Each structure stands twice: as C-alpha cells, then as structure tokens.
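Right, one structure below, let's go through it.
Fair warning: this is a prediction, and the values are worked out from it, not measured in the lab.
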Amino acid sequence: MKIINKGFVRNKKYVPENPIPENAVPFTAPEVKFDVKLPSFVFIFLSAILIYIIFNLAEFVRGPVEINLMNFGSLIGLILGLLCVPIQGLIRGKYYGDDAELDVYYSIGFIYIICTEPVTKGQFIRMGILPSIFIGWIPMLVAAFVPLPLFFLDLLFVWGFLSIVFSSVYYTTAYCAVRQMPEGSMAIMKGADYYWFMP
C-alpha cells in the first residue's frame, strides 16, 4: 500500500474525479435521502446505550468504574480520537491490497483518503465495520473491564468513544452497500463519492 499526499482541497467537491465503469451507479447521497442518513444517528444512539450497559455491567463485575474527563489522560484520548478518521482510512486501505495507492487530500476539518481500486460488496461492508471495532470498541471494552490507572482508563474511554462516534459515517456506507449493492457487484470511488457496478 502506497500513501500519496495530494495536498489541500477546499472541500470534497474539489477532489479530482477518476474514470469509473459506464454502468456504475452512485450510492444514494446521505445528505439527500433521510433514510440513508438515519443509520448514522441510530448507530450513535445505540452505541451510547450499549456503552452505558457495558459500564454498568463492568461495575457489577469489578466494582465502580470512575472516569475523570478533566485530566491529562482524557486530553491524550481526545487527540487520539480526533486522529481516528485518518487511522480508520488507513485500515480501510488495507482492503484494497498491498499494491494499491491511497491518495490523501486535506481540507479544514476533514481528511479524504481516496483509492480507485474496486472492492467486492463483502470487502466494502467489512471496511465500514472493522476499523471501529479495532480502534473504538476494543479500547472501550478494555477501559470498562480491565483495572487500570486513572490516566489510562480516561485515555481509553475518550479515545474509544470518539472513535465509535466518528465511525458512524463508515457504518452509513456499509448500510448503503447492504441496501443498494446487488450480489456480485463491486464498489468503487469516484473522487470522494462511492459507486457500485456489475463487473
């Protein structure tokens, strides 16, 4: 996997568009279709409930779990949480193969990691789900069930929480793939947008 820094763009509309198959169909845009936008909010809401249940279960198993969001550990967790978007992009990039090129564009508040290699429906769904497990749910579970000094407890909690919240966009793309991609189809990027096509 080769990472190429492409520099600054004003927003995703300025990410250069690459050629794609003529029969490619765009995913329904989340900002247009409410029923596609909904999974992000549902995922965040259900995640908050699940986190609440996890920490209540942890208190039952090992006693009170005290979290202090106003210390240095939380600050480090905040920094790691904000870095989770490019980290998730790099994890997703592994699904494109070792020879794939990842183009990285920056804008104010966003990082776009683009790869023009097509992937299968199954790969695309896993790309949307697995990164949040590795850098979101696992740190959260460690914070809940492993006795740790307060510094590390707060760090893992804040890092895991932000990573889970920021993963909602990836769960939305996975939701789009499940609903819109026929079996045997492939997903591909055109600029910063996703399309599917039948090979």
Side-chain angles (χ1 to χ4, degrees), residues 1-47 83-138 163-199:
M1 184 172 62
K2 184 179 180 181
I3 301 173
I4 303 174
N5 180 10
K6 293 290 189 174
F8 181 83
V9 293
R10 290 176 59 185
N11 55 53
K12 78 173 191 175
K13 294 180 180 179
Y14 291 86
V15 175
E17 295 186 347
N18 49 282
I20 60 173
E22 292 184 359
N23 64 335
V25 179
F27 280 47
T28 304
E31 63 269 21
V32 174
K33 277 292 211 176
F34 179 75
D35 65 334
V36 178
K37 189 177 182 180
L38 183 61
S40 293
F41 298 108
V42 170
F43 170 71
I44 293 173
F45 177 73
L46 293 178
S47 296
L83 291 174
C84 76
V85 174
I87 293 173
Q88 288 190 10
L90 295 177
I91 295 175
R92 287 160 59 91
K94 294 297 291 184
Y95 282 91
Y96 291 106
D98 295 334
D99 298 328
E101 292 185 356
L102 299 183
D103 296 335
V104 181
Y105 297 88
Y106 306 90
S107 68
I108 297 176
F110 290 91
I111 296 179
Y112 305 102
I113 299 178
I114 311 298
C115 184
T116 59
E117 296 293 327
V119 292
T120 66
K121 178 180 179 178
Q123 287 176 312
F124 190 76
I125 293 171
R126 290 192 295 272
M127 287 166 57
I129 296 173
L130 292 181
S132 71
I133 294 175
F134 292 134
I135 63 175
W137 288 107
I138 290 177
S163 297
I164 291 168
V165 170
F166 291 148
S167 296
S168 62
V169 65
Y170 296 116
Y171 275 78
T172 299
T173 59
Y175 171 85
C176 289
V178 170
R179 287 201 59 187
Q180 301 175 27
M181 290 181 67
E183 290 302 321
S185 61
M186 306 281 286
I188 192 170
M189 297 191 75
K190 178 182 180 183
D193 296 317
Y194 292 101
Y195 289 70
W196 65 265
F197 68 96
M198 295 300 296

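- Between F43 and Y175, the distance separating the two ring centers is not shorter than 6.0 angstrom.
- No side-chain donor-acceptor contact under 3.5 Å links D193 to the backbone of P26.
- Side-chain contact between F197 and I20 is absent, with no heavy-atom pair separated by less than 4.5 Å.
- Shown here for M127 and V119, the closest heavy-atom pair between the two residues is SD-CG2, 4.1 Å.
- A distance-only check finds a donor-acceptor pair linking the side chain of N18 to the backbone of G191 [under 3.5 Å].
- C115 and A100 get closest at one heavy-atom pair: SG-CB, 3.9 Å.
- Side-chain contact between F27 and T173 is absent, with no heavy atoms from C-beta onward closer than 4.5 Å.
- Atom CD1 in I113 sits 12.5 Å away from atom CD1 in I4 (nearest 0.5 Å).
- Remark: N5 CG is packed, more than 12 non-hydrogen atoms of other residues, nucleotides or ligands lying under 6.0 Å away.
- Across all non-hydrogen atoms, the minimal contact from D103 to Y105 is CB-CE1, 3.8 Å.
- For the side-chain contact (heavy atoms from CB on, under 4.5 Å) with W196, the lone residue among M181, K121, M186 that qualifies is M181.
- Side chains of Y170 and S132: no donor on one and acceptor on the other come within 3.5 Å.
- Going from atom CD of E117 over to atom CD1 of I188 covers 8.0 Å, rounded to the nearest 0.5 Å.
- Between M189 and Y96, some side-chain heavy-atom pair lies under the 4.5 Å cut-off.
- Contact of the W137 side chain with the S47 side chain is registered, since non-hydrogen atoms from C-beta on lie closer than 4.5 Å.
- The CZ atom of F166 lies 10.0 Å from the CG atom of L83; values are rounded to the nearest 0.5 Å.
- When all heavy atoms of A177 and I125 are compared, the closest pair comes out as CB-CG1, 3.8 Å.
- To the nearest 0.5 angstrom, T172 atom OG1 is 11.0 Å from Y194 atom OH.
- Put simply, CD1 on I138 and OG on S163 are 11.5 Å apart, with the number rounded to the nearest 0.5 Å.
- Expressed to the nearest 0.5 Å, how far CG of L130 lies from CD of Q123 amounts to 11.5 Å.
- Side-chain contact between Y195 and P21 is absent, with no heavy atoms from C-beta onward closer than 4.5 Å.
- In terms of heavy atoms, A192 sits closest to Y112 at CB-CD2, 4.3 Å.
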